[in-house]
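Report on one structure; see the data block that follows.
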Amino acid sequence: MSLENKDSAAPAPIAPSDFIRDIVAAHVAENKYPRIHTRFPPEPNGYLHIGHAKSICLNFGIAHEFGGICNLRMDDTNPAKEDIEYVESIQADVNWLIGGWAEDQLGLKPKGLAPEVIAGEGKRDFYLPAVTKSEIENRQAETFEPFYASSYFDQIYDYAEELIEKGKAFVCDLTPDQTDEYRRNGLESPFRNRTVEENLDLFQRMKKGEFTDGIRTLRAKIDASAPNIWLRDPLLYRIKHVEHHQTGSQWCIYPMYDFAHCLSDYIEGITHSICTLEFEVHRPLYDWILESLNLPRTLPHQYEFARLSLGYTVMSKRKLMQLVEEKLVTGWDDPRMPTICGIRRRGVTAVALRAFAYNIGITKYNGITDVSVLEHAIREDLNKRSLRRLAVLRPIKVVITNVPEGKVEELDAVNNPEDETAGKRKIPFSRELFIERDDFQEVPPPKFFRLKPGGEVRLKYAYIIKCDEVIKDASGNLTELRCTADLDSKTGGATSARKVKGTIHWVSATHAVDAEVRLYDRLFTVPEPDADGDFKQHLNPHSLEVITAKLEPSLKDATFEARYQFERLAYFALDKDSGSKLIFNRTITLKDAWAKEAQKS
RNA sequence: UGUCCGAUGGUGUAAUGGUAGCACAGAGCUCUUUGGAGGCUUUAGUCAUGGUUCGAAUCCAUGUCGGACAACCA
């Protein structure tokens, strides 16, 4: 038993199974591809949130389970909305989430490298293979970066010309409103039948910058009256005289998502292009573009799954942006935000977030996942790893009258009952203590097992005490409790086996250290904040309470990496704002059976 | 309205023609120097109607309900 270490004691993780993994497994069984290759392709126009975490875990999970690679790719085809700030945060968040798990599956590219042209059977081909961590270690002279759709702008432009030459694309002069109306009504654009030469000339002049924004577009020539609107001659390129965070002022035309995405997948050699349900109707276009070009390598395929909806939170980038910009939270990494950086700052570990992603599964059904599933994954992880500490959030003073002034005892305390290897520490005990205000009631309700006048309670790791006297100030406020300790009741003592119903936490008043403690709660008060349009009216006014707490002295040495359980209260993590002053964030409360019991009566 | 997709306890998911299972939530018991954790027990489900079949959550038909999309966004 004692030989068990943490790893062997943990149950072997069960490999998840879902309809996408079933497809991949079948492909592996029939050797359809030399290697499974997925990708995670966020647009750098906002911070990653827990919904992205689901996607990251799926894509990296598949690569991890099937011996493949997952590229990180910035889907940066709309410079008007994107920013380098987001590029950087996305990289940090992905690295954190896959850290210690699927780092070896992360596909990157040498900085600045563009797709190479591979000639074969008279066909040109653009290919940009990924480099993984193990290969990077042998190439230390180079630096590596994520993939960017923008680094394929040259190739995507070439493919557009090829489409024009094949008579499968045309330059259209309709205004945005007209285009919209024509497409809605299934009508062909009057510019649909321009000659290849004219189309080529116009497209090249679009690239040169001869036209202003919105004047012309490049459109695919498919079927203006197709039942699927995405096949009604969709836009491929638009004019945007906007600086791009990666390509600067090199381009004034930018490819649309549908055109850039399938080609980016192809260029990177992606086999399984996994996205959310709203792209399901785009799949015929995805396939049409790839099949219309003369592409020599195996084509990628798109698969769709349901995005995550979580109770008591909003997930859309627009709404999260609103919370940040209107200063309803302190920033993207506010611990109340469902962003990956917010969740991380709150104290949740990557292990817990991954466990959550595994537990919720992958389907095509749009449901709302109960937050309790997330909370359970967090508690389960934190219970195993947290160092137990004694801390009093809302103190009341207790004087142990039969302990002499100035006497200090060092008591043994277990760091983590779930993990013997975490060891023990000493905590000081003295005549004056703080206990939690909630742990004393002058007129206790039924089944209240804590301290009450004339009643006894165990001080965790210390003595059984009895409350003799309740001291109040002139206006009747409780100021102090005077108690006597059973000095034989400490661990190993003659009366240590005495049963008392309650055990409470405490800190020695003279030794306690002060800390700012941020008590976070759900950001919204209702399960579906955006159900009726105005999500902001459901903001929880008590989502943050800041208090000064009394901590046991060992917490002076708290680290950012460690997780703490303030016993009987909640899990906490040191906040990044901590400096000379300690600041703890409450990640999540312990389950509180008493709160439930108290509510009954 | 059109196209596409979906429907299994309160919630999320398994069962791929052969015993409807798991997790969360709920209830109860037990244990406990954390009213935590753990252990045990338990409540509760195949959208509807037909059909195929020895046998249907699964296959077929029709219907109902729900969702996504219909940006020079992704």
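Lettering follows sequence order; numbering is per chain, from 1.
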**Message:** Roughly how many Å apart are B:rU62 and B:rG67, using the P atom of each and rounding to a whole number?
**Reply:** 23 Å
What protein N or O atoms touch nucleotides 70-74 of chain B N or O atoms at under 3.5 angstrom, if any, and at what distances?
unit_1 : atom_1 : unit_2   : atom_2 : d
B:rA71 : OP2    : A:Asp180 : OD1    : 3.0
B:rC72 : N3     : A:Gly214 : O      : 3.4
B:rC72 : N4     : A:Leu174 : O      : 3.0
B:rC72 : N4     : A:Pro176 : N      : 3.1
B:rC72 : N4     : A:Gly214 : O      : 2.8
B:rC73 : OP2    : A:Arg238 : NE     : 2.9
B:rC73 : OP2    : A:Arg238 : NH2    : 2.7
B:rC73 : OP2    : A:Lys240 : NZ     : 3.4
B:rC73 : O3'    : A:Arg238 : NH2    : 3.1
B:rC73 : O2'    : A:Asn78  : ND2    : 3.0
B:rA74 : OP1    : A:Thr77  : OG1    : 2.7
B:rA74 : OP1    : A:Arg238 : NH1    : 3.4
B:rA74 : OP1    : A:Arg238 : NH2    : 2.8
B:rA74 : OP2    : A:Tyr257 : N      : 3.0
B:rA74 : O4'    : A:Glu43  : OE1    : 3.4
B:rA74 : O3'    : A:Asp75  : OD2    : 2.7
B:rA74 : N6     : A:His282 : NE2    : 3.4

**Message:** What is the separation between atom CD on A:Gln302 and atom C1' on B:rC69, rounded to the nearest whole Å?
**Reply:** 13 Å
**Message:** Quick check: any donor-acceptor pair below 3.5 Å linking the side-chain of A:Glu280 to the base of B:rG6?
**Reply:** no
**Prompt:** Whole-Å distance between B:rA37 C1' and A:Arg568 CZ?
**Reply:** 15 Å
**Rounded interatomic separation in angstrom, taking NZ from A:Lys501 and C1' from B:rG35** = 9 Å
**Request:** Indicate for each nucleotide in nucleotides 21-28 of chain B, in 5' to 3' sequence, whether protein heavy atoms under 4.0 Å reach the base (B), only the sugar-phosphate (S), or nothing (-).
**Result:** ---SSSSS
**Fill in**
As its Watson-Crick or G-U partner within any shown strand, both distances under 3.5 Å, B:rU1 has B:rA70
**Prompt:** Heavy atoms under 4.0 Å, any strand shown: does A:Tyr365 hit a base, just sugar-phosphate, or nothing?
**Reply:** sugar-phosphate
**Message:** Mind checking if A:Arg388 touches a base, just sugar-phosphate, or nothing, with heavy atoms under 4.0 Å?
**Reply:** base
**Item:** Member of A:Leu277, A:Thr363, A:Asp18, A:Leu58 meeting the side chain to side chain contact (heavy atoms under 4.5 Å, CB included) criterion with A:Phe305
**Value:** A:Leu58
**Message:** Any base atoms under 4.0 Å from A:Ile464, or only sugar-phosphate, or nothing? Heavy atoms, all strands.
**Reply:** nothing
**Asked** If you look at every strand shown and take non-hydrogen atoms under 4.0 Å, does A:Arg232 touch a base, only sugar-phosphate, or nothing?
**Response** nothing
**Asked** Between A:Arg389 and A:Ser554, does any side-chain donor sit less than 3.5 Å from a side-chain acceptor?
**Response** yes
**Request:** Looking at every strand, decide which applies to A:Ser225 at a 4.0 Å heavy-atom threshold: base, sugar-phosphate, or nothing.
**Result:** nothing
**Message:** With ring pair (Phe, Tyr, Trp, His ring centres under 6.0 Å) as the test, pick out the partner of A:His244 among A:Phe153, A:Tyr148, A:Trp251.
**Reply:** A:Phe153
**Prompt:** In terms of side-chain heavy atoms of A:Asn383, which of B:rA37, B:rU3, B:rG35 is nearest?
**Reply:** B:rA37
**Prompt:** Tell me: CG of A:Asp22 to C1' of B:rU13, nearest whole Å?
**Reply:** 13 Å
**Message:** Regarding A:Phe19, tell me which of base, sugar-phosphate or nothing describes its non-hydrogen contacts under 4.0 Å with the strands shown.
**Reply:** nothing
**Request:** Test A:Phe191 against A:Phe170 for ring-ring contact (aromatic ring centres under 6.0 Å, His included), laying out the working first.
**Result:** CA-CA 8 Å; A:Phe191 305 97; A:Phe170 64 97; 8.4 Å; no
**Message:** Given A:Asp233, which partner from the list A:Arg192, A:Lys221, A:Arg183 fulfils the salt bridge (charged side-chain N to carboxylate O under 4.0 Å, His left out) test?
**Reply:** A:Arg192
**Item:** Derivation and outcome, salt bridge (Lys or Arg N to Asp or Glu O under 4.0 Å), residues A:Asp438 and A:Arg450
**Value:** CA-CA 9 Å; A:Asp438 283 352; A:Arg450 307 174 189 180; 5.6 Å; no
**Item:** Length of the CG-P vector between A:Leu231 and B:rC4, whole Å
**Value:** 11 Å
**Prompt:** Do A:Trp594 and A:Phe449 have ring centres separated by under 6.0 Å?
**Reply:** no
**Item:** A:Phe19 and A:Tyr303: CA distance, side-chain angles, deciding distance, ring-ring contact (aromatic ring centres under 6.0 Å, His included) verdict
**Value:** CA-CA 10 Å; A:Phe19 77 99; A:Tyr303 305 88; 8.4 Å; no
**Asked** When the nearest nucleotide of RNA chain B is assigned to A:Asn366 and to A:Glu567 on a heavy-atom basis, which residue is associated with the more 5' position?
**Response** A:Glu567
**Request:** Name the closest nucleotide to the A:Arg458 side chain, picking from B:rU34, B:rU33, B:rG35.
**Result:** B:rU33
**Prompt:** Where the side chain of A:Lys460 is concerned, which of B:rG12, B:rU33, B:rG35 is the nearest nucleotide?
**Reply:** B:rU33
**Asked** Would you call the rings of A:His49 and A:His52 parallel, tilted or perpendicular if under 30° counts as parallel and over 60° as perpendicular?
**Response** tilted
**Asked** Just wondering, do A:Arg232 and A:Ser225 contact through their side chains at under 4.5 Å, heavy atoms?
**Response** no
**Request:** For A:Ile362, answer base if it contacts any base atom (sugar-phosphate contacts may also be present), sugar-phosphate if it contacts only those atoms, and nothing otherwise; contact means non-hydrogen atoms under 4.0 Å.
**Result:** sugar-phosphate
**Item:** Euclidean distance, atom CG of residue A:Asn416 to atom P of B:rG38 [Å, nearest integer]
**Value:** 13 Å
**Length of the line joining A:Phe572:CZ and B:rG36:P, which is rounded to integer Å** = 17 Å
**Prompt:** Do A:Ile343 and A:Ile340 come within less than 4.5 Å of each other through their side chains, counting heavy atoms only?
**Reply:** no
**Request:** Would you please confirm or rule out a distance under 4.0 Å between OP1 or OP2 of B:rU33 and any side-chain N or O of A:Lys499?
**Result:** yes
**Prompt:** Within the structure shown, what part of the strands sits under 4.0 Å from A:Pro417 by heavy-atom distance: base, sugar-phosphate, or nothing?
**Reply:** base
**Request:** Round to a whole Å and report the spacing from CD of A:Glu597 to P of B:rU34.
**Result:** 18 Å
